Asks: 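To start, I am sharing the structure in question, which I have written as structure tokens.
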Amino acid sequence: MKTLLDASYTIRDEKPVIRLFYKLREGMNVEEVMDFQPYFYATAKEDLEGLKEKIRSMEGVVSVDSREMIDHGRERQVLRITVRQPRDVPSLRREVKDLEGCEEVRETDLPFTQRYMIDSDITPMENAEEIDLRVASFDMEVYNPQGEPRPEKDPILMISYSDNKGLKRVWSTKGGDLGLGYVREVKSEKALIKEFMETVEEREINIIVTYNGDNFDFPYLKERCSFHKITPSLGFNGAAVKLERRGMNFGARIRGRPHVDMFPVCRQLFNLPRYRLEDVYFELFDKEKIDVKAGEMHRIWDAGKGEDFKVFFEYSMSDADSTLKIAEALLPLQYELSRIVKLPVYECSRTASGQRVEHLLIREAHHRNILVPNKPSDRIFEERKDKSYTGAYVVDPVKGVHDNIILFDFRSLYPSIITSYNIDCSTIDCDCCSGEKHRSPTGHYFCKNREGFIPTVLKALVERRVKVKKKLMKEKDPARKGLLDVKQQALKLLANSMYGYFGFPRARWYSRECAEAIAALGRQYIHETIEKARESGFSIIYGDTDSVYLKLEGVDSREEIMEKSEAFLKKLNSELPGDMELEFEGFYPRGIFITKKRYALMDEHGMLLVKGLETRRRDWADIAKETQERVLNALLREKDPEKAADIVKDVVGKIKEGNVPLKKLAINTQITRGLGDYVQPGPHIIAAKKALRKGLDFKQGNIVTYVITRKGDSISDKAKVIDFVEEGDYDADYYINNQLLPAVMRILEAFDYTEDEMKGLGKQLTLDSF
DNA sequence: TACCAGAGGAG
DNA sequence: AAATCCTCTGGTA
């Protein structure tokens with residue numbers, strides 16, 4: 001049994017050698033492949049043979065063969081050009097493309113190792129669960145007397161390490177006398193780095209995990225290594241850590257020992273106000289992590305004794321520990337995605353959903369002898385980006401409070417439309433079938449004769465998922481159940497990104513027409529559903545894309561509601577084509593609808609479900625969100641408007657008194673562009689710029705946590721990054737009028753309360769609306 | 001008061 | 001480097 005952890009290539013004697021890093025039950029095996037040569041394709045305008053001869057004589061070309069492949073759904077003759085070395089591809093693609101008679105060069109941008117894995121049908125991470133991988137996490141604390149640490153000057157103070165076989169270590173140049181079992185005091189920073197690297201080697205670690213190692217720990221470690229003139233040799237056979245550019249960020253690649261950075265993984269997987277290690281740890285395990293303020297670290301270190309000093313070491317250990325715990329929870333999904341998409345886990349864990357889908361499609365295209373379309377040029381990308389299309393339909397809600405709400409929704413609406421209507425670039429407006437075709441409201445037709453490429457791939461994903469879910473139902477063993485659940489999640493993730501991929505301007509298989517047709521069919525079905533529901537006696541409260549919220553006016557019996565719902569669904573589903581299905585999704589005794597995409601429901605257990613309201617948004621202060629939720633509970637669950645009003649009055653009072661803790665006043669907002677690129681910088685940008693001058697580091701992608709303080713004129717003037725704000729320094733007026741009241745008044749207004757009453761200025765509350 | 005840029009949510 | 005629809009805020013004229 002073996003599992004492929006990593007793949008790369010080197011050049012030996014002017015020839016490429018593929019290296020496959022397998023973990024066996026015991027130890028590693030590196031397989032070398034010498035006989036695989038890089039190649040790409042060319043299509044000819046007319047004279048294929050003429051083009052072939054021209055290419056054959058070019059420097060670096062090993063051979064040219066013509067073969068039949070499928071392009072845009074049709075068979076045609078193309079040229080396959082085999083070259084000596086991977087580096088010959090970029091140079092030769094230019095030359096071939098510029099030849100008279102050459103129409104296009106194709107498949108010139110697949111990385112050589114990936115090309116090999118596709119052609120040899122190699123799946124990474126197979127058997128990963130059975131083979132007992134050794135996973136280690138590490139984290140560094142560095143000296144930072146100037147605020148942000150300077151890697152060319154400021155040393156690493158500690159490296160903490162934790163592996164899934166139970167070893168815990170903190171290497172440091174101090175702290176051996178603290179009585180903490182895991183601390184190893186060493187004589188220098190250099191020794192500390194070396195001991196860490198030796199431990200990874202000795203423990204035969206297979207996977208290294210970090211939290212933001214791509215952009216902090218590894219770049220810093222590399223700098224410190226070059227300062228000490230040593231190699232950061234964490235890879236197989238002492239290979240050095242390599243920093244690769246990946247878009248705006250870095251990726252730290254370790255040969256033969258995949259590095260998975262949990263930070264981008266968590267950002268992709270969770271929706272949180274912030275993504276610091278402690279935030280994600282809390283989200284997953286509901287436990288607080290010990291914290292040491294970054295600004296105080298150098299002072300604690302310099303003091304070198306006392307309780308703080310000990311806590312600093314415990315904090316460092318807990319960083320490595322919690323990173324490992326997070327990894328143990330999230331790696332199974334990464335392994336599974338890596339297997340399905342067939343990209344090594346280092347790459348797969350860093351790719352976005354569009355690229356994952358694309359790699360899966362490239363794989364499937366190869367199996368079907370389909371010539372992969374080229375990536376769009378910058379010009380085409382811009383053209384595509386400028387042309388948007390009509391998407392989903394949203395029903396304007398019947399605003400206010402409703403009782404006994406029924407929710408129906410389409411199971412996987414877009415995927416089921418794609419498969420049921422056979423929507424694909426190769427089937428759109430085909431001329432192959434003379435008879436009936438699938439019809440979209442956009443005016444396009446889809447072939448009923450031959451199944452399209454993407455519908456085939458999507459169908460396979462959906463069918464695999466159905467099988468896994470069946471197994472899951474039968475399985476008793478919790479460990480195996482967990483793995484099956486992860487598997488179905490991964491399949492769902494990929495299936496759900498197919499529609500978005502059609503409309504993604506950078507996609508190779510981009511088709512605005514297909515995306516448009518899918519969305520239009522979605523609108524058609526939701527409209528039809530609403531129409532039929534009305535005819536069956538339901539009244540419509542709200543609907544969005546694939547869901548409808550309904551009521552049966554005057555029907556209070558739960559039984560009758562269920563019966564009528566079932567009957568309606570049965571009839572409607574019998575008329576739906578293919579894989580499409582409308583499902584009963586829920587029953588809610590009470591709910592309040594504010595506007596489109598903003599509402600709250602109470603389920604039968606009294607649990608609140610809030611959508612779109614401030615409670616759900618990171619860019620509102622906790623004090624407003626918390627109070628809004630309390631008000632919703634008072635109104636929906638307890639039906640007690642007086643209590644709701646009391647809650648608001650009480651909180652207004654507390655804010656005025658000035659003793660609301662800063663934590664509850666913090667607002668989180670992301671910096672979505674370069675700090676200089678703003679036409680209208682908001683309060684978070686102004687706050688970040690001020691913090692920048694005080695030595696804090698802020699850049700695109702970061703989330704700014706700020707508070708509106710008392711000092712300043714405009715709101716932006718008053719905005720300050722929370723690190724620099726003293727407890728009690730907040731603008732009470734702002735938090736009452738711009739945070740608390742807007743959030744709660746939207747709810748209370750549906751119950752006819754006025755703002756003045758809430759501030760305690762007006763008359764006593766009335767119970768009119770109840 | 002009207003408008004725009006910007007952000008983040010829903011599905 | 002998945003799409004569109006939608007609401008709301010803060011700043012400006």
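Convention: sequence-line order gives letters A, B, ...; per-chain numbering from 1. Scope of the values below: all heavy atoms of this structure, side chains included, with no hydrogens, waters or symmetry mates. None of the values given here were measured: they were computed from a predicted structure.
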Asks: Return the orientation label for the A:Tyr499 and A:Tyr389 ring planes: parallel under 30°, perpendicular over 60°, tilted otherwise.
Replies: perpendicular

Asks: Do the side-chain N or O atoms of A:Asn496 get closer than 4.0 angstrom to the phosphate oxygens (OP1, OP2) of C:dA2?
Replies: no

Asks: Taking 4.0 Å as the cut-off, does a side-chain nitrogen or oxygen of A:Arg746 come that near to OP1 or OP2 on C:dT9?
Replies: yes

Asks: Quick one: which of A:Asp279, A:Thr705, A:Asn702 gives a side chain to side chain donor-acceptor pair (under 3.5 Å) with A:Arg274?
Replies: A:Thr705

Asks: Using a cut-off of strictly less than 4.0 Å, decide whether A:Arg356 has a side-chain nitrogen or oxygen near OP1 or OP2 of C:dA2.
Replies: no

Asks: Quick one: is A:Tyr393 getting a side-chain N or O under 4.0 Å of the C:dT4 phosphate, OP1 or OP2?
Replies: no

Asks: So, is A:Arg616 near the phosphate of B:dG8, with a side-chain N or O under 4.0 Å from OP1 or OP2?
Replies: no

Asks: With A:Glu614 as reference, evaluate A:Lys625, A:Gln739, A:Arg746 under the side chain to side chain donor-acceptor pair (under 3.5 Å) test and give the passing residue.
Replies: A:Arg746

Asks: To the nearest angstrom, how far is A:Lys625 atom NZ from C:dC8 atom P?
Replies: 17 Å

Asks: Are A:Phe446 and A:His438 an aromatic pair, judged by ring center distance below 6.0 Å?
Replies: no

Asks: I would like to know whether A:Glu347 and A:Arg246 meet salt bridge (Lys or Arg N to Asp or Glu O under 4.0 Å); could you show each step before the answer?
Replies: CA-CA 10 Å; A:Glu347 281 87 356; A:Arg246 296 190 79 90; 5.7 Å; no

Asks: Return no unless some side-chain N or O of A:Arg617 is found under 4.0 Å from OP1 or OP2 of C:dC8.
Replies: no

Asks: Tell me the interatomic distance from A:Lys385, atom NZ, to C:dA2, atom C1', rounded to whole angstroms.
Replies: 15 Å

Asks: Under 4.0 Å, counting only non-hydrogen atoms across every strand here, what does A:Ser547 touch: a base, just sugar-phosphate, or nothing?
Replies: nothing

Asks: Please classify the nucleic acid contact of A:Gly391 as base, sugar-phosphate, or nothing, using heavy-atom distances under 4.0 Å.
Replies: sugar-phosphate

Asks: Counting only side-chain N and O atoms of A:Tyr678, is one of them less than 4.0 Å from OP1 or OP2 of B:dA7?
Replies: yes

Asks: Check whether NZ of the Lys or CZ of the Arg A:Arg245 lies under 6.0 Å from the centre of the six-membered ring of A:Phe250 and within 45 degrees of that ring's axis.
Replies: yes

Asks: Please confirm whether any donor atom in the side chain of A:Gln680 sits under 3.5 Å from an acceptor in the base of C:dG10, or the reverse.
Replies: yes

Asks: May I ask you to say what A:Pro505 touches in the nucleic acid, namely base, sugar-phosphate or nothing, with a heavy-atom cut-off under 4.0 Å?
Replies: sugar-phosphate

Asks: Expressed as a whole number of angstroms, how long is the span from A:Lys611:NZ to C:dC6:C1'?
Replies: 15 Å

Asks: Using a 4.0 Å heavy-atom cut-off across all strands, classify A:Tyr542 as base, sugar-phosphate, or nothing.
Replies: nothing

Asks: Without decimals, in angstroms, what is the distance between A:Leu675 CG and B:dG6 P?
Replies: 13 Å

Asks: Between A:Ser716 and C:dG11, is there a contact of a side-chain N or O with OP1 or OP2 at under 4.0 Å?
Replies: yes

Asks: Atom CG of A:Asp546 to atom P of B:dA10: distance rounded to whole Å?
Replies: 14 Å

Asks: Applying a 4.0 Å non-hydrogen cut-off, can you work out what A:Tyr510 is touching in the nucleic acid: base, sugar-phosphate, or nothing?
Replies: nothing

Asks: How would you label the contact of A:Gln355 with the nucleic acid (heavy atoms, under 4.0 Å): base, sugar-phosphate, or nothing?
Replies: base

Asks: Nearest-Å distance, CG (A:Asp619) to C1' (C:dC6)?
Replies: 14 Å

Asks: Which part of the nucleic acid does A:Gly682 contact within heavy-atom distance under 4.0 Å: base, sugar-phosphate only, or nothing?
Replies: nothing

Asks: Mind calculating the distance between OH (A:Tyr735) and P (C:dT9) to the nearest angstrom?
Replies: 15 Å

Asks: Between A:Lys597 and B:dA10, is there a contact of a side-chain N or O with OP1 or OP2 at under 4.0 Å?
Replies: no

Asks: May I ask you to verify if any side-chain N or O of A:Asn271 is less than 4.0 angstrom from the OP1 or OP2 atom of B:dG9?
Replies: yes

Asks: Of the candidate nucleotides C:dC6, C:dT4, C:dG11, which contains the atom at the shortest distance from the side chain of A:Ile715?
Replies: C:dG11

Asks: Would you classify A:Arg506 as touching base, sugar-phosphate or nothing, given that sugar-phosphate means primed atoms plus P, OP1 and OP2, and contacts are heavy atoms under 4.0 Å?
Replies: base

Asks: Assign A:Trp620 to base, sugar-phosphate, or nothing according to its heavy-atom contacts below 4.0 angstrom with the strands shown.
Replies: sugar-phosphate

Asks: Counting any heavy atom closer than 4.0 Å, what does A:Gly354 reach on the DNA or RNA strands: base, sugar-phosphate only, or nothing?
Replies: sugar-phosphate

Asks: Please state whether the rings of A:Trp509 and A:Phe453 are parallel, tilted or perpendicular, taking 30° and 60° as the class boundaries.
Replies: tilted

Asks: Side chain of A:His684 only, heavy atoms from C-beta on: which candidate in B:dG6, C:dT4, C:dT9 is closest?
Replies: B:dG6

Asks: Reckon A:Ala352 touches a base, only the sugar-phosphate, or nothing at all at heavy-atom distances under 4.0 Å?
Replies: sugar-phosphate

Asks: Give the nucleotide from the list C:dC8, C:dG10, B:dA7 with an atom nearest to the side chain of A:Pro683.
Replies: C:dG10

Asks: If you look at every strand shown and take non-hydrogen atoms under 4.0 Å, does A:Thr595 touch a base, only sugar-phosphate, or nothing?
Replies: sugar-phosphate

Asks: Is it true that A:Thr615 and A:Gln628 share a donor-acceptor pair across their side chains at a distance under 3.5 Å?
Replies: yes

Asks: Rounded to the nearest angstrom, tell me the gap between atom CZ in A:Phe504 and atom P in C:dT4.
Replies: 12 Å

Asks: Out of B:dA10, C:dC5, B:dG9, which nucleotide sits closest to the side chain of A:Arg618?
Replies: B:dG9

